[in-house]
Amino acid sequence: MSEVKVRFAPSPTGELHIGGARTALFNYLYAKAEEGTLVMRIDDTDLERSREEYVDKLIESLHWLGLGWDEGPYFQSKRLDVYSNEAERLLSEKKAYYCYCSVDELASGRERARNENKQYLYPGNCRDLRDNQVEAFEAEGRKPVIRLLIPDTGTTVVNDLIRDKVSFNNSDLDDFIIIKSNGLPTYNFASIVDDCKMNISHIIRGEEHLSNTPRQLLCAKALGYKLPAFAHVPMILAPDRSKLSKRHGATSVEEFRSEGYLPEALVNYMALLGWAPGEDRELITLSEMIALFNLGKVNKTAAIYDTSKLSWINGNYMREYDTDKLAKAALPFLKEKYATENHGKMKDEEYIKKVVSAVKERAKTLKELSEIADYFFKDNFDYDEKGVKKNFKKEGTVDLLKTLKSELKGLDILTSANTEELFVRLCESGKVSLGRLMGPTRLALTGKTGGPAIFDIMEILGKDKVTERLERAIYYIENMMDS
RNA sequence: GGCCCCUUCGUCUAAUCGGUUAGGACACCAGCCUUUCAAGCUGGCAGCAGGGGUUCGAAUCCCCUAGGGGUCACCA
């Protein structure tokens, strides 16, 4: 074990979105690359918004992605005494003070600053309260907050592994709240207290935290902590360059999962957002990433996520996946889509495997796989319009299908080999091209014009289904079609 | 608005200390392959935000402008 200790510290206020997931990934990669420790911490100091169900979802998503941790999860809500003790220390050392200003009282100042187009800073009303003032406030029943005393001058420098040194003027910062009036710590306080108390060596997090870092640094300094290193990774933006939100479609890991993306593919894709393994590599496994990962090579630029590349990556993984494994992954999608078809095939593992194996290289997601395999699980599909025009409406098609149907009777079971032989024989004696027979057959059996090899389809479907569908097509052509 | 960060093809990115016909991938287009559809292969389209410097030489260093993002909560 090295000295490297990093943490992933989500707050359980929603599902794990792709930005947070990538932050987790980078923490994971760095920890593994440096043979360090990854700590999982739940930053749940916001009682209003934190939900236990989200904790479970967060963990579930991380597990699904294959990103494990070495320590934790720790819950900030269970460490409240730590924060109040540290705040007490600050109070006794005069580095922090009680503030009795109410939200309403402060609002007017904020409003004024806003109207004058100036930035609002807490004026420090309660910096030097006299005892009798405190008594008066207490008598009113006011519950104070605790504010950190910020130096009026000087600069605070964030040493960032990705962005180098970033400096802030202390005069732009105000005495911010570290303990709320309900006794709970604010994020800027709890976060840095834990990071330091837990001996986190590197804080790797999203860029949205960069502006808050000087506040946390000031806390750490006041508390006398040894300062950790920082690495602020760029944000992931929606396709319109705006911040990710619900209206941008799938943004949470859970949503990508239900869209039918494989965890390996999502991880691969996320790694490529803001980092390049080098040597023009695009497809890369988690363990290969670990070997190649380097925090200093992480980009500074925000990335826009683009699902078309994710889909391409996903297609690659699907093709590489072992059939058993892919069948297992695809099953929930198949079930969801065809549960009501009463086809009886959903419990037939061998059948599912054959289907998956036949269609897997034609789909980019599991969801798409389940869609293009519909004819394996339902009988009353429609015929593709263009296919009907091209195949069924041609003179002689019915006879071709009728011949095929009766010739099929001579075969005990259908295999891709014996059906192909049959087709070749039929076409030769009937003096038609193979394609002339295959097109209508495909449409009759699947309703589509494309898909897996037709002989494979016949083998999987089996003699009864094939015969049944040929009959259905013959009936359709003879009775349902307006020529 | 103050402060902070960022800016290479449509998108993700590469380009050791400044010297490259600015490379790769996705997407798109075309061709090949093919008993369909995919996959695969080959080729094509497409970029250094703009302007000033510094330098023999700048995507790379400096400044300005523009644009994008973040943050300024008793949210995290």
Side-chain angles (χ1 to χ4, degrees), chain A residues 9-14 43-46 48-50 76 99 101-103 106 110 113-114 116-121 143-147 158 160 162-163 166-169 171-174 176-188 190-191 206-215 232 234-235 237 239 241-243 269 272-283 299-313 315-316 319 359-364 372 387 420 423-424 427 433-439 441-443 446 448-455:
Chain A
S11 62
T13 53
D43 284 7
D44 56 350
T45 53
D46 183 351
E48 307 273 300
R49 299 196 306 154
S50 294
Q76 289 196 321
C99 167
C101 299
S102 71
V103 178
L106 264 17
R110 226 173 244 133
R114 207 185 139 74
E116 290 170 17
N117 240 334
K118 280 198 249 173
Q119 85 164 313
Y120 172 78
L121 294 177
K143 292 266 180 279
V145 299
I146 300 176
R147 289 180 185 270
V158 179
D160 194 286
I162 295 172
R163 287 151 214 281
V166 182
S167 62
F168 297 83
N169 288 322
S171 57
D172 288 326
L173 269 25
D174 62 2
F176 62 93
I177 295 171
I178 57 177
I179 300 287
K180 306 177 225 174
S181 58
N182 63 4
L184 297 180
T186 56
Y187 165 76
N188 281 321
S191 174
E207 194 194 340
E208 68 270 28
H209 293 289
L210 183 55
S211 299
N212 275 322
T213 306
R215 290 172 229 278
H232 287 95
M235 311 234 322
L237 268 25
R241 297 208 128 273
S242 70
K243 206 174 174 180
Y269 178 66
L272 260 26
L273 253 30
W275 176 69
E279 295 168 16
D280 293 333
R281 297 213 39 195
E282 306 286 341
L283 267 11
N299 269 295
K300 298 183 180 75
T301 329
I304 296 169
Y305 80 97
D306 166 31
T307 46
S308 66
K309 185 152 183 178
L310 207 209
S311 292
W312 173 76
I313 291 174
N316 276 279
R319 269 174 264 131
V359 302
K360 71 174 186 180
E361 63 183 48
R362 292 170 173 79
K364 292 199 186 312
I372 63 173
E420 178 162 9
F423 267 58
V424 171
C427 290
S433 71
L434 262 181
R436 179 67 186 93
L437 176 58
M438 289 169 69
T441 305
R442 175 180 294 282
L443 191 64
T446 72
K448 302 181 198 307
T449 55
I454 188 64
F455 308 119

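The chains referred to below are lettered A, B, ... by the order of the sequence lines, with proteins before strands, and numbering in each begins at 1. Just so you know, these numbers come straight off a predicted model, no measurement behind them.
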**Request:** Report which part of the nucleic acid A/R442 touches: base, sugar-phosphate, or nothing (heavy-atom distance under 4.0 Å, all strands).
**Result:** base
**Prompt:** B/rC41 and B/rG24: how far apart are their P atoms, nearest whole angstrom?
**Reply:** 14 Å
**Item:** Separation of the P atoms in B/rU65 and B/rC5, to the nearest angstrom
**Value:** 15 Å
**Request:** Would you classify A/S167 as touching base, sugar-phosphate or nothing, given that sugar-phosphate means primed atoms plus P, OP1 and OP2, and contacts are heavy atoms under 4.0 Å?
**Result:** sugar-phosphate
**Asked** When you look at A/S171 and A/N169, which way does the side-chain hydrogen bond (donor to acceptor under 3.5 Å, both in side chains) test go after all the steps?
**Response** CA-CA 5 Å; A/S171 57; A/N169 288 322; 4.9 Å; no
**Request:** Answer yes or no: side-chain N or O of A/E208 and base N or O of B/rG69 forming a donor-acceptor pair under 3.5 Å.
**Result:** no
**Request:** Measure the acute angle between the ring planes of A/F423 and A/F455, then classify it against the limits of 30° and 60° as parallel, tilted or perpendicular.
**Result:** perpendicular
**Fill in**
Atom NE2 of A/H209 and atom C1' of B/rC72 are separated, to the nearest Å, by 15 Å
**Asked** Could you state the CD-P distance from A/E282 to B/rC12, rounded to the nearest angstrom?
**Response** 13 Å
**Message:** On RNA chain B, compare the nucleotides closest to A/A302 and A/E361; which residue's is nearer the 5' end?
**Reply:** A/A302
**Nearest-Å distance for atom pair NZ/C1', residues A/K364 and B/rG40** = 12 Å
**Prompt:** For A/K300 and A/G451, take the nucleotide of RNA chain B holding the closest heavy atom to each; which residue's nucleotide lies nearer the 5' end?
**Reply:** A/K300
**Message:** Regarding A/G274, tell me which of base, sugar-phosphate or nothing describes its non-hydrogen contacts under 4.0 Å with the strands shown.
**Reply:** sugar-phosphate
**Asked** Taking NZ, NE, NH1 and NH2 as the nitrogens, is one of them in A/D46 or A/R49 under 4.0 Å from a carboxylate oxygen of the other?
**Response** yes
**Message:** Any base atoms under 4.0 Å from A/N299, or only sugar-phosphate, or nothing? Heavy atoms, all strands.
**Reply:** sugar-phosphate
**Separation of atom CH2 in A/W312 from atom P in B/rC26, rounded to whole Å** = 5 Å
**Asked** How is A/R163 classified with respect to the nucleic acid when contacts are heavy atoms under 4.0 Å: base, sugar-phosphate, or nothing?
**Response** sugar-phosphate
**Request:** Rounded to the nearest angstrom, tell me the gap between atom CZ in A/F168 and atom P in B/rC72.
**Result:** 12 Å
**Request:** Kindly say whether, by distance alone, the side chain of A/K309 makes a donor-acceptor pair under 3.5 Å with the base of B/rC12?
**Result:** yes
**Asked** To the nearest Å, how far apart are A/L237 CG and B/rC5 P?
**Response** 18 Å
**Request:** State whether the distance check finds a donor on one side and an acceptor on the other, under 3.5 Å, for side chain A/R362 versus base B/rC37.
**Result:** yes
**Prompt:** What is the distance from OH of A/Y305 to P of B/rU13, rounded to the nearest Å?
**Reply:** 15 Å
**Message:** Under 4.0 Å, counting only non-hydrogen atoms across every strand here, what does A/H232 touch: a base, just sugar-phosphate, or nothing?
**Reply:** nothing
**Asked** Contact class for A/C427 (heavy atom, under 4.0 Å): base, sugar-phosphate, or nothing?
**Response** nothing
**Under 3.5 Å donor-acceptor pair, A/T301 side-chain atoms to B/rC6 base atoms** = no
**Item:** Length of the CG-P vector between A/D306 and B/rC9, whole Å
**Value:** 14 Å
**Request:** Using the C1' atom on both, measure B/rC6 against B/rU13 and round to a whole Å.
**Result:** 16 Å
